[in-house]
Amino acid sequence: GRPMVISSGMQSMNTMHQVYQIVKPINPNFCFLQCTSAYPLQPEDVNLRVISAYQSAFPDIPIGYSGHETGIAISVAAVAMGAKVVERHVTLDKTWKGSDHQASLEPNELAELVKAIRTVEKAMGSPVKRLLPCEMACNEKLGKSVVAKVTIPEGAVLTLDMLTVKVGEPKGFPPEAIFDLVGQKVKKNIEEDETITEQAVENHVKKVKC
């Protein structure tokens, strides 16, 4: 009944499906680690994409990575791909006899790996794309608005070739509103590069998002 960590070096996907079917009824608390059994492991043989394949094939268990490469970059990348468990060998001296030591991390590297993984975990964040509070200062300075591409006289009906998008001051209509402005009449002269504001557009009504 204890948690199990099952590495997959030297195996095929077919074998891993069999392992899953055998282990699941006995102990559902287990994970698979993508692993290539070579010491040290070359980057071209790592195949981190197997992590994604395991995630799709076995969505109800955690997927991780067992690495025998030199350095920490690949292990950090595995975490960015969703690895929930990382297994690395640790040594006090890489020059000691045995190929395993060459593929191991010394204590300072292990500390750096843990630090890097924690940073990546924070950086994974949310899948929701939105304007974040930390972006507000930049948005105030560099956020784009619809501006006049040419001088637009009072009473003119806006066409797309009269408008463009630039950093404008003051802020006006956001870039995505450029097509909504086409066909609307302006009630004052607007100079080239001047921001198109609500006050300049006749009978403008804000669209309310439901």
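Note that the structure is predicted; figures quoted are calculated from it, not measured.
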With the side chain counted from C-beta on, respond yes when [X] and [Y] share a heavy-atom pair under 4.5 Å apart, and no when they do not.
{"X": "Leu160", "Y": "Phe179", "result": "yes"}
{"X": "Ile61", "Y": "Tyr20", "result": "yes"}
{"X": "Phe173", "Y": "Val201", "result": "yes"}
{"X": "Lys171", "Y": "Thr197", "result": "no"}
{"X": "Val23", "Y": "Phe32", "result": "no"}
{"X": "Met4", "Y": "Asn29", "result": "no"}
{"X": "Ile190", "Y": "Thr151", "result": "no"}
{"X": "Glu121", "Y": "Val79", "result": "yes"}

**Request:** Among Val46, Ile63, Ile51, find the one that has a side chain to side chain contact (heavy atoms under 4.5 Å, CB included) with Gln34.
**Result:**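 Running side chain to side chain contact (heavy atoms under 4.5 Å, CB included) over Val46, Ile63, Ile51 with Gln34 returns exactly one hit, Ile51.
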Distance only, no hydrogens: is a donor on one side chain within 3.5 Å (strictly under) of an acceptor on the other, for [X] and [Y]?
{"X": "Arg88", "Y": "Ser104", "value": "no"}
{"X": "Glu69", "Y": "Ser75", "value": "yes"}
{"X": "Thr95", "Y": "Asp93", "value": "yes"}
{"X": "Tyr54", "Y": "Ser8", "value": "yes"}

Any chain of hydrophobic side-chain contacts (each under 4.5 Å) joining [X] to [Y]?
{"X": "Tyr65", "Y": "Val76", "result": "no"}
{"X": "Val85", "Y": "Val50", "result": "no"}
{"X": "Val182", "Y": "Met162", "result": "yes"}
{"X": "Leu113", "Y": "Met124", "result": "yes"}
{"X": "Val86", "Y": "Met81", "result": "no"}

Minimum-distance pair of heavy atoms, taken over all atoms of [X] and [Y]:
{"X": "Ala78", "Y": "Leu48", "answer": "CB-CD2, 3.8 Å"}
{"X": "Gly155", "Y": "Lys185", "answer": "O-CG, 3.4 Å"}
{"X": "Glu202", "Y": "Gln184", "answer": "O-OE1, 4.2 Å"}
{"X": "Lys94", "Y": "Leu105", "answer": "CE-CA, 4.5 Å"}
{"X": "Val167", "Y": "Lys141", "answer": "CG1-O, 3.6 Å"}
{"X": "Pro62", "Y": "Cys31", "answer": "O-CB, 3.1 Å"}

Does [Y] offer a backbone N or O that forms a donor-acceptor pair with the side chain of [X] under 3.5 Å?
{"X": "Ser66", "Y": "Leu33", "result": "no"}
{"X": "Glu194", "Y": "Glu191", "result": "yes"}
{"X": "Asn189", "Y": "Pro153", "result": "no"}
{"X": "Asp45", "Y": "Ala38", "result": "no"}

Report the distance from atom [atom1] of [X] to atom [atom2] of [Y], rounding to the nearest 0.5 Å.
{"X": "Lys149", "Y": "Ile196", "atom1": "NZ", "atom2": "CD1", "value": "13.0 Å"}
{"X": "Met16", "Y": "Ser7", "atom1": "CE", "atom2": "OG", "value": "8.0 Å"}
{"X": "Ile152", "Y": "Lys188", "atom1": "CD1", "atom2": "NZ", "value": "10.0 Å"}
{"X": "Lys144", "Y": "Asn139", "atom1": "NZ", "atom2": "CG", "value": "9.0 Å"}
{"X": "Thr91", "Y": "Glu106", "atom1": "OG1", "atom2": "CD", "value": "7.0 Å"}
{"X": "Cys138", "Y": "Leu131", "atom1": "SG", "atom2": "CG", "value": "9.5 Å"}

**Asked** Going through the distances and angles, do Asp60 and Lys24 end up as a side-chain contact (heavy atoms from CB on, under 4.5 Å)?
**Response** CA-CA 10 Å; Asp60 57 331; Lys24 184 73 173 179; 2.7 Å; yes
**Message:** Surrounding NZ of Lys115 (heavy atoms of other residues, nucleotides or ligands, distance under 6.0 Å), is the total greater than 12?
**Reply:**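 Counting other residues, nucleotides and ligands, NZ of Lys115 stays at 12 neighbours or fewer.
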**Message:** Are more than 12 heavy atoms, taken from residues, nucleotides or ligands other than Lys187, located less than 6.0 Å from that residue's NZ atom?
**Reply:** yes
**Request:** List the steps, then state whether side-chain contact (heavy atoms from CB on, under 4.5 Å) holds for Arg130 with Glu135.
**Result:** CA-CA 10 Å; Arg130 60 187 177 87; Glu135 295 179 296; over 6 Å; no
**Message:** List the residues meeting side-chain hydrogen bond (donor to acceptor under 3.5 Å, both in side chains) with His89, not counting sequence neighbours, and say none if there are none.
**Reply:** Glu87, Asp100
**CA sep, side-chain torsions, deciding dist, call: Leu158, Leu163, side-chain contact (heavy atoms from CB on, under 4.5 Å)** = CA-CA 8 Å; Leu158 293 173; Leu163 306 172; 4.1 Å; yes
**Prompt:** Quick one: are the ring centres of Tyr39 and His101 less than 6.0 Å apart?
**Reply:** no
